[in-house]
There are 2 protein chains.
Amino acid sequence: MAGRPREFDRDQALEKAQDAFWTRGYEGTSMADLVSTLGIASARIYAAFGSKEDLFREAVGLYEANEGGFATRALAQEPTARRVIERMLREAVETYTRPGRPQGCMVVSAATNCAVENDRLLEWLAEHRRARTVSIVERLNEAVRDGELKPDTDARALGDYYAALLHGLSVQARDGVPKERLHDLVTVAMQALDARRAERS
Amino acid sequence: MAGRPREFDRDQALEKAQDAFWTRGYEGTSMADLVSTLGIASARIYAAFGSKEDLFREAVGLYEANEGGFATRALAQEPTARRVIERMLREAVETYTRPGRPQGCMVVSAATNCAVENDRLLEWLAEHRRARTVSIVERLNEAVRDGELKPDTDARALGDYYAALLHGLSVQARDGVPKERLHDLVTVAMQALDARRAERS
DNA sequence: CAGATTATTTGTCGATCGATAAAAAATGGA
DNA sequence: TCCATTTTTTATCGATCGACAAATAATCTG
């Protein structure tokens, strides 16, 4: 273990790359943009991160481990499906509209339209979105088994519904719809779940 | 009025451009792509349509006048807000998942992440989405005034809710969620409106 | 100190981006 | 028939794309 020590903070550079990709997407952020945003020469970026694509994947990982991890956190920490869903949506609204931060969801908007040669990235993000949908559906199925929701509840339809809403929230946030209106919209959306709650003793 | 007659079908070329932009987005579709898709040299494209951006705007216009015009059509043709909303969502699902056609909504996905120099296009599409939201909210407000919906209904929240869902449906369709599941999800979403319907004599 | 290792600097690579100039070809009108 | 007009053909433009090679500099080990 030797060699010249790195002169820049790799984690800090990764954060800056995350924000750039989150704001403008993968193809919307050029290497020249990254050079000026990170403040280091392109050869240093390649030495530290491998390629633009590698950097992007690492940036998405950082996003999902922090700001974008609200779904995972809600699923892990909330005791009921009702609370999982509401917390997930409320935190999504907050994250998507945070002042001074990139708007919307990085996983939804960073690679939606891109050239053929980057289809792998597009598919990679799509798989992340589908996985999130699956985890929501599974949690709702669990709630049906537990008796939290009525036995005849269509958990998949309900899960698809909240997943679609989550993705729609991202588009709305990017369009500049204010946080308060998004919260009001979530309130409307929670009725679908409340209508399926079982009467408990 | 003279000059050499055009040798290709302009409308047909515009349709092909629409499909290309719809599939891969504005920046994801290069001039080289357009040349091979339309089957004509780039100089001819510029002569007929002005620029890549002009061609894109014209292609979006074509989309909104046909496949993408379901919201306008539903608003103009259906007698009740209930029927407007359901027809709009059902037709959206059909349009977004049509076999052999580009998936999702062109207005939602053709310019979500792009470079700084194309921010005008991004903002232009965002304005289209916001305008659609406004027209939905206005229709729901009208329904409250008409007595179709309960007097204490928050029409804006409800309109924002259906707009968000519409945008989410586009993302889901692009992710390959099958049509049937999207219809089931729409069924769940219709409950929010039904809960606001007034009891009529 | 010398040698191995890693980072930084500097310059540049071939490919592709959107766009156009100039010349040739095909029409209608006088 | 000849001219004005428009399209097509052909070739190419400068800018930018992502990526890297080679030389230099800074560290640890022995």
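So that the names make sense, note that chain A is the first sequence line, chain B the second, and so on, each numbered from 1. The analysis underlying the following values was restricted to heavy atoms, covering all of them including side chains, and did not include hydrogens, waters or symmetry mates.
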Atom CZ of A:R10 and atom P of C:dA7 are separated, to the nearest Å, by 10 Å

Atom CZ of B:F49 and atom P of D:dT8 are separated, to the nearest Å, by 11 Å

- Look at atom CZ of B:R156 and say whether more than 12 heavy atoms of other residues, nucleotides or ligands are closer to it than 6.0 Å. no

By salt bridge (charged side-chain N to carboxylate O under 4.0 Å, His left out), B:R87 pairs with (sequence neighbours left out) B:E78, B:E91

Here the distance between atom P of D:dT27 and atom CD of A:E7, to the nearest Å, is 8 Å

To the nearest angstrom, the CZ-C1' distance between B:F8 and D:dT7 comes to 9 Å

Review point. Do A:D119 and B:R24 sit within salt-bridge range, that is, some charged N less than 4.0 Å from a carboxylate O?
Key: yes

From CG of A:L38 across to P of D:dG18 the rounded distance in Å is 13 Å

Without hydrogens or angle criteria, can the side chains of B:N118 and B:E27 be said to hold a donor-acceptor pair below 3.5 Å?
-> yes

Between A:P5 and B:A47, whichever has its closest DNA chain D nucleotide further toward 5' is B:A47

Rounded to whole Å, CG of A:D9 lies from P of C:dA7 at a distance of 14 Å

Is any NZ, NE, NH1 or NH2 atom of the basic residue among A:E53 and A:R57 found under 4.0 Å from an Asp or Glu carboxylate oxygen of the other? yes

5' to 3', nucleotides 17-25 of chain C under a 4.0 Å protein heavy-atom cut-off (B base, S sugar-phosphate only, - none) gives SSBBB---B

To the nearest angstrom, the CD1-P distance between B:I40 and D:dT6 comes to 18 Å

Just by distance, no angles: are the side chains of A:T112 and B:N113 close enough, under 3.5 Å, to form a donor-acceptor pair? yes

